[in-house]
Amino acid sequence: MAVADRSLSPAYGSAARPSLFHRLWHQPVGRLLILPALIYAIIVTQAPFLLTLYYSFQRWNLQRPSTRGFAGLDNYKFLLTRDNAFRDALLNTAIFTVSAVLLSLLVGLFYAELVNHRFPGRGVVRTLLITPFLVMPAAASLTWKNMMLNPTYGAVDWLTRTALPGNPSPNWLGVYPKESIVLVLVWRWAPFMMLILLAGMQSISEEVREAARVDGATAWQEFRSITLPHLSRFMQLGGLLGTVYIVQDFDPIYLMTKGGPGTATTNLSYLTYRKAVEASNVGQGAALGVIVVILSMIVITLLIRWLDRMMRGT
Amino acid sequence: MQTALPRSSSVSPTASRRWALPRRRRGVQKDQASPAWAVLAWIVALVTFFPVLHMVLTGFKHEADAVDLPPRLLPVPGITESAAPAEGVSAEPAADADAPPAEATGGFDIRFDPTLEQYDTILGREFMPFFRNSAVASLGSTALVMLLAIPAAYGLALRPTKKWKDVLFFFISTRFLPASGVIVPLYILFSANGDPRLGGFGLDLLGTMRGLIILYTAMNLPIAIWMLRSFFEEVPRDVLDAARVDGAGVMREMTQILLPMVAPGIAATVFISIIFAWNEFFLAVSLAAVGTSTVPIFMVKFVTAEGLFWAKLAASSTMAVLPIVLLGWIAQKQLVRGLSMGAVK
């Protein structure tokens, strides 16, 4: 931050009114460089949102185009007061996000600690562990649904049937739908957390570790009092990025449970999709979109305050 | 309590490779883990990897073997000589699967006769256009992302204006906006005719790859700027000051001094952007049109059309994930570094 734009202070003289081009040309370089990306982001993300806002006040179902008209706040009223699916989706989104982010961090920390020691084949182990993050979620979801969790032919069911007393073979997606979704989310995001935390572990100076070892610290003590405190920033970053992606996750829900049974696994992303795309209810879908965006803004504000602290920290 | 980060040692590109050489220079291997640790790590890794392994192996099975339990994990060419003739998927799973006596593995026969017939079917069914669309969408959007993000990240990190932080947070906040919230307006905007009530203005992007490229660019722009900014932050200021004293302009500073120094960061950002774009599903499935469907759409269509043909599903899944998994395996060191940059600063 030390380098300001000393050389670039605009120096237009007293000549009449500088042209737009002239004014643009004399902007600080930093601003000019940011501008294209900024304009792009504003147009592509905000223009559709304005349209969403407009549609949210419309009564408009594509299947009944003749009934289109101004609806006032009806769409919002319906969602907030009479739609149980909305309430469930809100709750599910919170459950999925919080549990998947926390568990991913925990499991990712475990993965990272595992491969942060030297043993034969460590590179291969690390490679195997990051793979779930790389696998396309759509492919992973279909694999989990069929080859792993299918109650008749799935590998997981076979294992519990064969190895556990009482030979349980539940229909995982039917009996434990939320847990199954969280399992798949954690399976995918724990490697992502591992990538971040591993970098944190690698940046701990070897001298500190060695000093601890010389002082006779056990592996657990070393982990508790050196590794873990050092990792807090990395965990915050992982938690933040994980939240951004997991809160709007769609693929496993669409492909594994279709939001069900009932609304047991419907989150806000999936509910919006169902209303807007499958039920062609543009008005309600848009109102839901606006609510989701407002809720997101609240969460964003909190998270960004957190991020700001994090960036100033240390 | 916090250990000071070795900032000075992680500023140059050569030093950044420190990560790749974990303490090898020390002759003594004090950090060598116990055998039990190694065994634990291997077990965890194999359990985690198992779904992927299962998927890949299933793609090489006859349909009958695919649904057999325990999962047949051991490819042994030619073990079921009589069963499963080349052309066919017999409808009843049990028929030939139970035929070979289970002597080899004490009760469980986990062998299967590998075959490429599923891949023949997949490739014969026009898989390649989907594959090409995915490649166009991810590479095209990544190119555009970098074109926009590199200057922006440079500006934010090295030519900061007063409100640089607000701008950065704005970019990040756009990633929070759920795509499902804007999908209908997007669809209407992208259609040829738009909304008649709003003057019928439409961009006519639905049947084109440009639409997906535009959206994927917006999707990956925030994380790209976030990552790149952190990399630019790390460039030592004295180097830049020296260049400026020598009279280097922005362009020269950028192309000849900065870009080579942040090349590893750019590589990491490119990888992340390609991974997210290739794996994207929601926009792809919502805006899919005949000529623009990407790989995930192929798989979904496949499932709806052929439900439980697991071996074919597994083969197409394997094809779908292969490029990104290979890319990620090759690039794992850049990914480790790239993602954590925001925390190291």
Side-chain angles (χ1 to χ4, degrees), chain A residues 2 5 28-31 33-34 36-37 40-41 44-45 48-49 51-52 114 117-119 125 127-129 131 134-139 143 146-148 153 155 158 195-196 198-199 202-204 206 208 229-230 233-234 237 244 248 250-251 269 272-273 276 282 285 289 292-293 296 300 304, chain B residues 1 3 5-6 19 23 31-33 37-38 41 45 48-49 51-52 54-55 67 69-71 148 151-152 154-155 159-161 167 169 173-178 180-182 184-186 218 221 237 250 279 281-282 296 299 310 317 320-321 324-325 328-329 332 335-337 339-340 342-343:
Chain A
D5 304 310
V29 180
R31 205 172 293 168
L33 291 168
I34 296 165
Y40 188 94
V44 179
T45 63
F49 178 67
L51 212 51
T52 307
L114 274 183
H117 294 252
R118 313 222 294 129
F119 57 85
V125 166
T127 305
L128 294 181
L129 286 176
T131 307
L134 302 169
V135 170
M136 175 185 294
T143 300
N146 295 304
M147 286 158 227
M148 300 300 291
Y153 302 113
W158 175 81
L195 288 174
I196 290 176
L198 203 51
Q202 310 278 355
S203 69
I204 298 174
E206 186 60 17
V208 176
H230 179 83
R233 282 165 66 100
F234 292 84
L237 179 72
V244 174
Q248 36 187 299
F250 174 82
D251 316 4
S269 280
T272 318
Y273 172 81
V282 178
V292 171
V293 168
S296 305
I300 296 168
I304 278 185
Chain B
M1 199 61 232
T3 328
L5 294 170
W19 190 89
R23 308 160 203 148
D31 211 13
Q32 188 78 32
W37 189 272
T48 306
F49 187 69
V52 183
H54 193 20
M55 177 185 90
V67 290
L69 288 172
L148 292 167
Y154 167 83
R159 305 267 183 165
T161 48
V167 174
F169 290 156
S173 76
T174 63
R175 188 61 189 82
F176 276 88
L177 299 181
S180 65
V182 293
V184 171
L186 268 181
L221 197 54
R237 298 305 155 96
V250 178
N279 288 347
F281 178 69
F282 178 74
M299 289 170 25
W310 285 10
S317 301
V321 307
I324 293 305
V325 169
W329 283 357
Q332 48 182 299
L335 293 182
V336 169
R337 222 177 108 69
L339 284 171
S340 64

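All of these numbers come straight from a predicted model, not from anything done at the bench.
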Response to the item:
Max heavy-atom pairs within cutoff under 4.5 Å with chain B, candidates A:Ala276, A:Ser269, A:Gly285, A:Pro36, goes to A:Ser269

Worksheet item: Looking only at heavy atoms, what is the nearest atom pair of B:Ala41 and A:Val125, with distance?
Response: O-CG1, 3.9 Å

Item to complete: Taking all non-hydrogen atoms of both residues into account, name the closest pair between A:Met136 and B:Ala320 and its distance.
Response: CE-O, 3.9 Å

Discussion item. What part of A:Thr143 gets within 4.5 angstrom of chain B, counting heavy atoms only: side chain, backbone, both, or neither?
Written reply: side chain

Response to the item:
Taken in chain and number order and not counting sequence neighbours, the residues that satisfy side chain to side chain donor-acceptor pair (under 3.5 Å) with A:Thr45 are none

Item to complete: Of all the heavy-atom pairs spanning A:Pro48 and B:Leu186, show the shortest one and how long it is.
Response: CG-CD2, 3.9 Å

Discussion item. Applying side chain to side chain donor-acceptor pair (under 3.5 Å), can you list everything that pairs with B:Thr174, at least two apart in sequence or on another chain?
Written reply: none

Worksheet item: Would you say B:Gln332's side chain and A:Leu195's backbone share a donor-acceptor pair under 3.5 angstrom?
Response: no

Discussion item. I'd like to check B:Thr48 versus A:Leu128 (side-chain heavy atoms, cut-off strictly below 4.5 Å). Are they in contact?
Written reply: no

Discussion item. I'd like to verify something: which residue of A:Thr127, A:Thr272, A:Val292 has the highest number of heavy-atom pairs under 4.5 Å with chain B?
Written reply: A:Thr127

Practice prompt. Could you pull out the closest heavy-atom pair between B:Asn279 and A:Leu134, with the gap in Å?
Written response: ND2-O, 3.2 Å

Discussion item. Return the CD1 to CG distance between A:Ile196 and B:Leu335, rounded to the nearest 0.5 Å.
Written reply: 10.5 Å

Practice prompt. Counting only heavy atoms closer than 4.5 Å, note whether B:Val167 contacts chain A via side chain, backbone, both or neither.
Written response: side chain

Fill in: Interchain contact, A:Val44 with chain B, by part (heavy-atom threshold 4.5 Å)
side chain

Practice prompt. Return the minimal non-hydrogen interatomic distance between B:Pro185 and A:Leu51, and the atom names on each side.
Written response: CB-CB, 3.7 Å

Item to complete: Check whether any side-chain heavy atom of B:Met55 sits under 4.5 Å from a side-chain heavy atom of A:Met148, and report yes or no.
Response: no

Worksheet entry | Nearest heavy-atom neighbours spanning B:Arg175 and A:Val244 | CG-CG1, 3.7 Å

Item to complete: Would you check if A:Thr131 and B:Trp329 make a side-chain contact, meaning some heavy-atom pair closer than 4.5 Å?
Response: yes

Practice prompt. Using the six-membered ring wherever Trp is involved, compare the ring planes of B:Trp37 and A:His117 and label them parallel, tilted or perpendicular (cut-offs 30° and 60°).
Written response: tilted

Discussion item. Would you compute the distance between atom CZ of B:Phe49 and atom CG of A:Leu129 and round it to the nearest 0.5 angstrom?
Written reply: 10.5 Å

Practice prompt. Considering only heavy atoms and a distance below 4.5 Å, find which of B:Ala38, B:Pro51, B:Ala218 pairs most often with chain A.
Written response: B:Pro51

